[in-house]
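Only heavy atoms go into these numbers, but all of them, side chains included; no hydrogens, no water, no symmetry mates.
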Amino acid sequence: QVQLAESGGGLVQTGGSLRLSCVISGNRFNGMGWFRQALGKQREFVAGINSVGETRYSDSVKDRFTISNDAAKNTVNLQINSLKPEDTAIYYCGVDRNNILSLMRYGSDYWGQGTQVTVSS
């Protein structure tokens, strides 16, 4: 049974940083990443990484967010810097058995509960 467990969210001031982590259990995936959903908006892709370390970012977060994975622990992390109020959302870990592009296009095969990130102005 596949489970995704996100952690690391919190309340920070504008310009602050957080590090989100997602533990993936039950299987390994070629595409892993993060999505976010702000109140009243659709869930959107934020960042992705594949099994060989290639990455993709949405234009709104590149240069501020860095995704990484620890294959030994089967975890995917998201370092988020220079936070803005518009980054406020629930952040979800996502996985795809194929690749990052499939993850971006079709969304995750599984979802966790998410972790709340709130940025105060």
Trainee: Atom CH2 of Trp34 and atom OG1 of Thr115: how far apart are they, to the nearest 0.5 Å?
Mentor: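 Answer rounded to 0.5 Å: 7.0 Å.
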Trainee: Just by modelled atom types, is the Ile67 backbone N or O under 3.5 Å from a matching donor or acceptor in the Tyr57 side chain?
Mentor: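 Such a contact is found between Tyr57 side chain and Ile67 backbone.
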Trainee: Only counting residues at least two apart or in another chain, list the ones meeting side-chain hydrogen bond (donor to acceptor under 3.5 Å, both in side chains) with Asp59.
Mentor: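 Testing Asp59 for side-chain hydrogen bond (donor to acceptor under 3.5 Å, both in side chains), a comparison that skips the adjacent residues, returns Lys62.
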Trainee: Looking at Gly15, is its backbone amide N or carbonyl O close enough to the side chain of Ser82 to form a donor-acceptor pair, meaning the two atoms are under 3.5 Å apart?
Mentor: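 No, Ser82 side chain to Gly15 backbone: no donor-acceptor pair under 3.5 Å.
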Trainee: Show, in sequence, the C-alpha distance, side-chain angles and deciding distance for Ile80 and Asp87, and conclude whether the side-chain contact (heavy atoms from CB on, under 4.5 Å) test is met.
Mentor: CA-CA 10 Å; Ile80 48 181; Asp87 294 319; over 6 Å; no
Trainee: Do Met32 and Val2 belong together in a cluster built from hydrophobic side chains that touch within less than 4.5 Å?
Mentor: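 Hydrophobic grouping puts Met32 with Val2.
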Trainee: I'd like to check the side chain to side chain contact (heavy atoms under 4.5 Å, CB included) partners of Ile90; sequence neighbours left out, ordered by chain and number.
Mentor: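 So Ile90 forms a side chain to side chain contact (heavy atoms under 4.5 Å, CB included) with Tyr92, Gln116.
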Trainee: Treating Asn74 as the side-chain partner and Ala71 as the backbone partner, does any N or O pair qualify as donor plus acceptor under 3.5 Å?
Mentor: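 The answer is no, because no donor-acceptor pair under 3.5 Å joins these two groups.
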Trainee: Given 3.5 Å as the limit, does a donor-acceptor pair link the side chain of Glu6 with the main chain of Cys93, or not?
Mentor: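 Yes.
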Trainee: Donor-acceptor pair, distance only, cut-off 3.5 Å: does the side chain of Ser108 make one with the backbone of Val95?
Mentor: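 Yes; judged by distance alone, with no hydrogens or angles, the pair exists.
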Trainee: Would Phe45 and Arg36 count as a side-chain contact (heavy atoms from CB on, under 4.5 Å) if you check the C-alpha gap in whole Å, the side-chain angles of each, and the deciding distance to 0.1 Å?
Mentor: CA-CA 7 Å; Phe45 172 83; Arg36 66 185 180 186; over 6 Å; no
Trainee: Which pair of heavy atoms, one from Val46 and one from Val61, lies closest together, and at what distance?
Mentor: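 Taking Val46 first and Val61 second, the nearest heavy atoms are O-CG2, 3.5 Å.
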Trainee: Is it true that a side-chain atom of Asn30 and a backbone atom of Arg97 form a donor plus acceptor pair closer than 3.5 Å?
Mentor: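 Pair found, side chain donor or acceptor close to backbone of Arg97.
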Trainee: Within the distance-only criterion (no hydrogens, no angle test), does the side chain of Arg28 pair as donor or acceptor with the backbone N or O of Ile24 below 3.5 angstrom?
Mentor: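 Not at all, since once roles are kept as given, no pair shorter than 3.5 Å links the two residues.
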Trainee: I need the minimum non-hydrogen distance between Ala38 and Thr88, along with the two atoms involved.
Mentor: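 That would be CB-O, 3.7 Å.
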Trainee: Please report the interatomic distance OG(Ser25) to CD(Gln1), rounded to the nearest 0.5 Å.
Mentor: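 It comes to 8.0 Å.
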Trainee: Same hydrophobic cluster for Tyr110 and Val23, using side-chain heavy-atom links shorter than 4.5 Å among ILVMFWY?
Mentor: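 Not linked; separate clusters.
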Trainee: Taking atom CD of Glu86 as the centre, does the number of heavy atoms from other residues, nucleotides or ligands within less than 6.0 Å exceed 12?
Mentor: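 Yes, enclosed.
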Trainee: Tell me if a side-chain donor or acceptor on Ser17 pairs with a main-chain N or O of Asn81 at a distance below 3.5 Å.
Mentor: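 No, the answer is negative, given that no donor and acceptor are paired below the 3.5 Å cut-off.
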Trainee: Heavy-atom count around Glu44 CD within 6.0 Å, excluding the residue itself: above 12?
Mentor: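 Yes, because the 6.0 Å sphere around CD of Glu44 holds more than 12 heavy atoms from other groups.
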Trainee: I would like to know whether Val117 and Leu18 meet side-chain contact (heavy atoms from CB on, under 4.5 Å); could you show each step before the answer?
Mentor: CA-CA 9 Å; Val117 172; Leu18 285 172; 3.9 Å; yes
Trainee: Just how far is it from atom OG1 of Thr66 to atom CG of Leu78, taken to the nearest 0.5 Å?
Mentor: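 Nearest 0.5 Å value for the OG1-CG distance: 8.0 Å.
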Trainee: Asp96 and Phe29: which non-hydrogen atoms are nearest, and at how many Å?
Mentor: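 Looking at all heavy atoms of both residues, the closest pair is O-CB, 3.5 Å.
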Trainee: For Ser21 and Thr75: C-alpha separation, side-chain torsions, deciding distance, then whether side-chain contact (heavy atoms from CB on, under 4.5 Å) applies.
Mentor: CA-CA 7 Å; Ser21 292; Thr75 61; 5.8 Å; no
Trainee: Which pair of non-hydrogen atoms, one from Gln37 and one from Lys41, has the smallest distance, and what is that distance?
Mentor: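 Distance-wise, the nearest heavy atoms are NE2-O, 3.1 Å.
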Trainee: Would a distance-only check, ignoring hydrogens and angles, find a side-chain to backbone donor-acceptor pair under 3.5 Å from Arg19 to Gln79?
Mentor: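 No, Arg19 side chain to Gln79 backbone: no donor-acceptor pair under 3.5 Å.
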Trainee: Between Phe35 and Trp111, is the ring centre distance below 6.0 Å?
Mentor: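 Between Phe35 and Trp111, the centre distance is under 6.0 Å.
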Trainee: Under a 3.5 Å distance rule, please check whether Asn98 uses its side chain to pair with a backbone N or O of Ser102 as donor and acceptor.
Mentor: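 Not a single qualifying donor-acceptor pair exists.
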